[in-house]
Amino acid sequence: MKVMVIGSGGREHAVVEKIKLSPLVEEILVTPGNGGMTGVTLVNISATDIKGITEFCTKNPPDFVVVTPDDPLSLGLVDRLNDMGIECFGPTKGAAEIESSKVFAKNLMKKYNIPTADYRVFDEEKQAIDYLNSSKLPIVIKADGLALGKGVTVATTLAEAINAVKEALTLKNFGESGKRVVIEEYLEGIEVSVLTFTDGNKIVPMVSSMDHKRALNGDKGSNTGGMGAIAPNPYYTEEINNQCKQKIFLPTIKALNAEGKEFRGCLYFGLMLTDKGAKVIEYNCRFGDPETQVVLPLLKSDLLQIMQDTARGCLQPESVVFEKDKAACCVIAASEGYPTKYQKGFPLTLPVTDNKNTFC
């Protein structure tokens, strides 16, 4: 089987390394991939070049495509490939809205009684600032759309909160993604990431994880998409997992179905374990980064087979098996100044290791 993986980062690297182990695979193409990947064919097409990818697939049709980044999912790559008769792992554009619009996600949770933080939505600076002036601090400001993990500000002062609103609504630092902002209650507790496989009806949680979002040591620096992760999350018990299945995971799938947005693929739940129970901080419509780099190494099952079953609507929960007595960690190395102003494109030299437990 010829498999194509869309994307280029550490997440895609982890996906590729696990897919390599499947006896179903004969060839793996990665679009565009990165220089650290081995044993695969790199195709130099951007993950957001929907036309370029579809034209390539017309001339060189893969048997199965794994779409991992948020941008091509929100641009409808899965819809386009499905229309061409190519099977894909990943949600349609409509289902991907659960990540591409935080306003949609928050309204969905409110409508279907899925526990989350209280919130308000604004598209005008003055109204947003008036609301902030009467709000309790800390408070969270989120750009509505996709912003590479950089559209979220946890403001501890009023000045910081006002500046975050201005960056989105007035300065337009996030472009179209910042046309609206969600201002929401700050939740205190333990943060948990739970990736799940879902075929639109059944949902199977993967091993839990915990990521670190601040850019610098000591929980300092700007908020990022994630600077490292561990799995499993030591605070996420089986009891909590069962509660989340009943109150959050299954209700979310049912809510999406009720809205005509059936979700097939990997649905990510960013949770906060508060003193009032688990609440949803955010959804992602794909494997999280860096959580994937610690979750997939612990998967014992055939990832490609799970992905195919998920795409076909016949996911078998008993076929998804993880290591019970092992753990994994990941640390991100970033250029100085990340995530604001930083250099790209220079070579990295990594230490040589013969540790057989190193995943990739």
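Quick note: residue numbers are just sequence positions, from 1.
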Legend entry - Verdict with reasoning, I203 to F269, per side chain to side chain contact (heavy atoms under 4.5 Å, CB included): CA-CA 12 Å; I203 187 164; F269 294 83; 3.9 Å; yes
Legend entry - Residue K179 excluded, over 12 heavy atoms near NZ under 6.0 Å: no
Legend entry - Side chain proximity check, L132 to L158, heavy atoms < 4.5 angstrom: yes
Legend entry - Side-chain heavy-atom pair L187, E185 within 4.5 angstrom cut-off: yes
Inset, instruction - Start with the C-alpha gap between Y283 and Y268, add the side-chain angles, then the distance that decides, and say whether ring pair (Phe, Tyr, Trp, His ring centres under 6.0 Å) holds. - result: CA-CA 6 Å; Y283 295 109; Y268 166 113; 9.2 Å; no
Legend entry - Minimum heavy-atom distance K261-A95, with the two atoms named: O-CB, 3.7 Å
Legend entry - side chain to side chain donor-acceptor pair (under 3.5 Å) evaluation trace for D289 with Q293: CA-CA 7 Å; D289 186 349; Q293 292 91 296; 2.9 Å; yes
Inset, instruction - Indicate the ring-plane relationship of F122 and Y131, choosing parallel, tilted or perpendicular according to the 30° and 60° boundaries. - result: tilted
Legend entry - Within 45° cone and under 6.0 Å: R11 NZ/CZ vs F287 ring: no
Inset, instruction - Take L315 and T198, measure what side chain to side chain contact (heavy atoms under 4.5 Å, CB included) needs, and give me the verdict at the end. - result: CA-CA 7 Å; L315 177 64; T198 177; 5.6 Å; no
Inset, instruction - For atom CD of E336, decide whether the heavy atoms of other residues, nucleotides or ligands shown that lie under 6.0 angstrom number more than 12. - result: no
Inset, instruction - In plain terms, say whether E184 and K102 are close enough for a salt bridge, that is, a side-chain N and a carboxylate O under 4.0 Å apart. - result: no
Legend entry - Closest non-hydrogen atom pair, S208 against V192: CB-CG1, 4.2 Å
Inset, instruction - Just do the side chain to side chain contact (heavy atoms under 4.5 Å, CB included) check on N242 and K245 with the steps written out, would you? - result: CA-CA 5 Å; N242 290 333; K245 281 183 186 178; 4.2 Å; yes
Inset, instruction - Taking all heavy atoms of P205 and all of V194, pick out the closest pair and write down the distance. - result: CB-CG1, 4.0 Å
Legend entry - Check: P232 and F322 side chains under 4.5 Å, non-hydrogen atoms: no
Inset, instruction - Verify the neighbour count for atom CG of N217: are there more than 12 heavy atoms of other residues, nucleotides or ligands below 6.0 Å? - result: no
Inset, instruction - Heavy atoms only: give me the nearest N233-S209 pair and the separation to one decimal. - result: ND2-O, 3.3 Å
Inset, instruction - Could you name each residue pair satisfying side chain to side chain donor-acceptor pair (under 3.5 Å) that touches residues 153-162, not counting sequence neighbours? - result: T156-E160
Legend entry - Salt bridge E282-K142, side-chain N to carboxylate O under 4.0 Å: no
Legend entry - Side-chain donor/acceptor of N257 to backbone N/O of G200, under 3.5 Å: yes
Inset, instruction - Take atom NZ of K2 as the centre, draw a 6.0 Å sphere, and report whether it contains more than 12 heavy atoms from other residues, nucleotides or ligands. - result: yes
Inset, instruction - For residues Q305 and S319, determine if any side-chain heavy atom of one lies less than 4.5 Å from a side-chain heavy atom of the other. - result: no
Inset, instruction - Of all the heavy-atom pairs spanning I98 and A105, show the shortest one and how long it is. - result: O-CB, 3.4 Å
Which side-chain N or O atoms in residues 25-44 pair as donor and acceptor under 3.5 Å with protein atoms at least two apart or in another chain?
residue, atom, partner, partner atom, Å
N34, OD1, G36, N, 2.8
N34, OD1, M37, N, 3.4
N34, ND2, S8, O, 2.7

Inset, instruction - Indicate yes or no for a side-chain donor-acceptor contact from R264 to the backbone of T310 under 3.5 Å, with no hydrogens or angles considered. - result: no
Inset, instruction - Would you indicate whether Y235, at its atom OH, is surrounded by more than 12 heavy atoms from other residues, nucleotides or ligands within a distance under 6.0 Å? - result: no
Legend entry - K166 atom NZ, neighbour heavy-atom count above 12 within 6.0 Å: no
Inset, instruction - Determine the minimum heavy-atom distance between L303 and I19, stating which atoms define it. - result: CD2-CG1, 4.0 Å
Legend entry - Short side-chain to backbone donor-acceptor contact, K136 and Y186, under 3.5 Å: no
Inset, instruction - Could you tell me whether a side-chain N or O of S177 sits under 3.5 Å from a main-chain N or O of L146, the two making a donor and an acceptor? - result: yes
Legend entry - Trace of the side chain to side chain contact (heavy atoms under 4.5 Å, CB included) decision for F89 with L304: CA-CA 9 Å; F89 177 85; L304 182 57; over 6 Å; no
Legend entry - Sequence neighbours excluded - side chain to side chain donor-acceptor pair (under 3.5 Å) pairs with any residue from residues 60-77: E12-T68, D70-R286
